[in-house]
Peer 1: 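One structure, pasted below without further comment.
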Amino acid sequence: MKTLFVNSRIWLGKNSFADSLGFDSVTGKISFSGNFYESSMVRKEYDEIIDLKQKLVLPAFTDGHCHFIQGSFVNSQLNLRNAKTKNEFINGIREYQLKHNKEWIFGGFFSESNFKEPLTINRQFLDEIYPDIPIIISKFDMHSAFANTKALEKAGLLNNENNFTSDEIIRDDNTSVTGELKERARDFILRCIPPATLEEKSTIATGQISKFHSYGITSISDITLPEDLGIYKDLIKRNKLLLNVDARLPFAEFENINECRKEFSHLTKLIKFGSLKAFYDGSLSSRTALMHSDYKNSDYQGIRTEFVNSGEFKRVAFEIEKAGIQMSVHAIGDKAVTELLDLNEEIISQYGLRDRRFRIEHAQHICEKDFQRFKELNVIASVQPSHLFSDAMTAFEILDDYKLEHNYKKLFDIGAKVCLGTDFPVVSENPFETIYYAMTRKAPGFDDGFIPQNKISLTDCLEAYTINNAFASICENEQGSLQTGKNADIIVLETDLFKLKSDEIKDVKVSQTYFRGEEVFCRD
């Protein structure tokens, strides 16, 4: 089927628009863009002509940083994201268990920024809800969680049989385990939960793909775990993988990546394995982000992960560099960002200049001397403005220099490469919410915007969500803009973003989404 949109606003980037767009579902490519007169000359080549009545047409979005498989499961778990009071928290857990009757209660993803009253969460609090069912409730950032006594006992963490550090299993002044778990300790206890079946996992993932389409997302940079690969294979087998997937496996999979590439190349061209990902530090809300300065009222600056402290990170990074593979590294704190830029300087000094497209994932705090280094070193900042919802107040409360928080507008201003994503499921996968937070910087406690001088323009946001994300995934020649010959990954909006106030953007709806020229979503 060859389709031609006419009487529309086709965004071609910057301030450039066409009014007609043609594409082919057989080739999956865009075949034409131009004005009304030019489209009248080619109409006979198309099977259907659709008058869009001046609706805005954009390249489909790429989520520049998400946890697709994990996020799919999270969306099926206990949801306490909107819990504001003690009763809402307790009732949310009880109602979930009454409905699902689970062996373990897990999920949550609550944000303390939502709380409207004092609420202390610990294992005793959770014991009062269900003492005989293991419970682990994660915070929204998924770097920390709270477990009840039953869960700690089942995982062997009540007496710290696994020798986690005091930064990972939190104790009170009497050295009693509080139930708060961070980083590796949280991950360890989650692995004790009986897994769902492959069929259940694939069904959940298929539903998430449909939700991506409803938001105009047809491509993702996915933080992929080895255990996710079986689900991807099952989706491919069922012809359900209607996404372009840039899969980013952990550094530890370096020795296996070529075999993985070979195996999947026989199955589909929709998923590629072009990058490896590592964690350098933790998160802001758990005070594990690595900062140059101490957190307020402490002599503590956050952590480097054990992978970094052991020297393994740097060793493997140089092996990855020699293999010519792209690297993506999680860094929240400004000191973590500085040390990764230092690493890039060392790599360039040893191996010379090339098109590496090294990505710093989050780059949430950047000190003044490092902005220009992003551009000079050609390092990409992969950022998530929606985190401001909780991070703004957290930064204000725990950092002396809270103005560092999400200060990456300066990267746009100097022409460094920035791409946008959500970190789904930490926040909603909705790109319009991301753009809203980037443009308004509104967050609880900051009605006029948190450090409003760091607001980002709509055009910069759209480019960061489309062509910049394609560049960051090394596929800018295939997707990211509505140019002839590129993939026909297209969205039609119900409202023209360029005619809205920034406050209105978060409520924008997608009318249709096309993936490789095929309609995969239509709003009735």
Peer 1: Going by the rule side-chain contact (heavy atoms from CB on, under 4.5 Å), which residues pair with S8 if we only count those two or more places apart in sequence or in a different chain?
Peer 2: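 Once residues adjacent in sequence are excluded, the partners of S8 under the side-chain contact (heavy atoms from CB on, under 4.5 Å) criterion are F5, I10, L52, V57.
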Peer 1: Could you work out, with ring pair (Phe, Tyr, Trp, His ring centres under 6.0 Å) as the rule, every residue matching F68, not counting sequence neighbours?
Peer 2: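 For F68 the ring pair (Phe, Tyr, Trp, His ring centres under 6.0 Å) partners, ignoring immediate neighbours, are F212, Y232.
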Peer 1: Taking ring pair (Phe, Tyr, Trp, His ring centres under 6.0 Å) as the test, write out the residues that go with H406, two or more places apart.
Peer 2: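 Counting only residues at least two positions away or on another chain, H406 forms a ring pair (Phe, Tyr, Trp, His ring centres under 6.0 Å) with Y408.
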Peer 1: Listing request: all salt bridge (Lys or Arg N to Asp or Glu O under 4.0 Å) pairs with a residue in residues 511-524, at least two apart in sequence or in separate chains.
Peer 2: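 Those involving residues 511-524 are E494-R523.
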Peer 1: Could you list the residues that satisfy ring pair (Phe, Tyr, Trp, His ring centres under 6.0 Å) with Y96, not counting sequence neighbours?
Peer 2: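 Testing Y96 for ring pair (Phe, Tyr, Trp, His ring centres under 6.0 Å), a comparison that skips the adjacent residues, returns H100.
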Peer 1: Can you confirm if the NZ or CZ of R357 lies within 45° of the ring axis of F471 and under 6.0 Å from the centre of its six-membered ring?
Peer 2: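 Yes; both conditions hold, so R357 lies above the ring face of F471.
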Peer 1: Got a list of side-chain donor-acceptor pairs under 3.5 Å for residues 248-256, not counting sequence neighbours?
Peer 2:
| from | atom 1 | to | atom 2 | distance (Å) |
| --- | --- | --- | --- | --- |
| R248 | NE | D246 | OD2 | 3.2 |
| R248 | NH1 | S275 | OG | 2.7 |
| R248 | NH1 | Q326 | OE1 | 3.4 |
| R248 | NH1 | S328 | OG | 2.4 |
| R248 | NH2 | D246 | OD2 | 2.5 |
| R248 | NH2 | Q326 | OE1 | 3.3 |
| R248 | NH2 | A472 | O | 3.3 |
| E253 | OE1 | N256 | ND2 | 3.1 |

Peer 1: Going by salt bridge (Lys or Arg N to Asp or Glu O under 4.0 Å), name the residues that satisfy it together with E319, two or more places apart in sequence or in a different chain.
Peer 2: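 Partners of E319 under the salt bridge (Lys or Arg N to Asp or Glu O under 4.0 Å) test: K322.
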Peer 1: Pair up each side-chain donor or acceptor in residues 345-352 with any protein partner under 3.5 Å, not counting sequence neighbours, and list the distances.
Peer 2:
| from | atom 1 | to | atom 2 | distance (Å) |
| --- | --- | --- | --- | --- |
| E345 | OE1 | R373 | NH2 | 3.3 |
| E346 | OE1 | K314 | NZ | 3.0 |
| E346 | OE2 | K314 | NZ | 3.1 |

Peer 1: Does any donor atom in the side chain of S31 or D24 lie under 3.5 Å from an acceptor atom in the other side chain?
Peer 2: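 No.
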Peer 1: Sequence neighbours left out, what passes ring pair (Phe, Tyr, Trp, His ring centres under 6.0 Å) with F32? Give chain and number order.
Peer 2: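 Counting only residues at least two positions away or on another chain, F32 forms no ring pair (Phe, Tyr, Trp, His ring centres under 6.0 Å).
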Peer 1: Can you pull out every salt bridge (Lys or Arg N to Asp or Glu O under 4.0 Å) where at least one residue sits in residues 188-211? Sequence neighbours excluded, please.
Peer 2: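 Passing the test, one end in residues 188-211: K211-E429.
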Peer 1: Side-chain atoms of residues 104-111: list all donor-acceptor pairs with protein atoms under 3.5 Å, sequence neighbours left out, distances to 0.1 Å.
Peer 2:
| from | atom 1 | to | atom 2 | distance (Å) |
| --- | --- | --- | --- | --- |
| S111 | OG | S113 | N | 3.2 |

Peer 1: State whether the side chain of D489 and the backbone N or O of T218 hold a donor-acceptor pair below 3.5 Å, judged by distance alone.
Peer 2: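 Pair absent, no side-chain N/O of D489 close to backbone of T218.
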Peer 1: Using a 3.5 Å cut-off and no angle test, enumerate the donor-acceptor pairs between side-chain atoms of residues 264-271 and protein atoms at least two apart in sequence or in another chain.
Peer 2:
| from | atom 1 | to | atom 2 | distance (Å) |
| --- | --- | --- | --- | --- |
| S265 | OG | R261 | O | 3.4 |
| S265 | OG | K262 | O | 2.8 |
| T268 | OG1 | L270 | N | 3.0 |

Peer 1: So, H365 versus N407: side-chain donor-acceptor pair below 3.5 Å or not?
Peer 2: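 Side-chain D/A pair, H365 to N407: absent.
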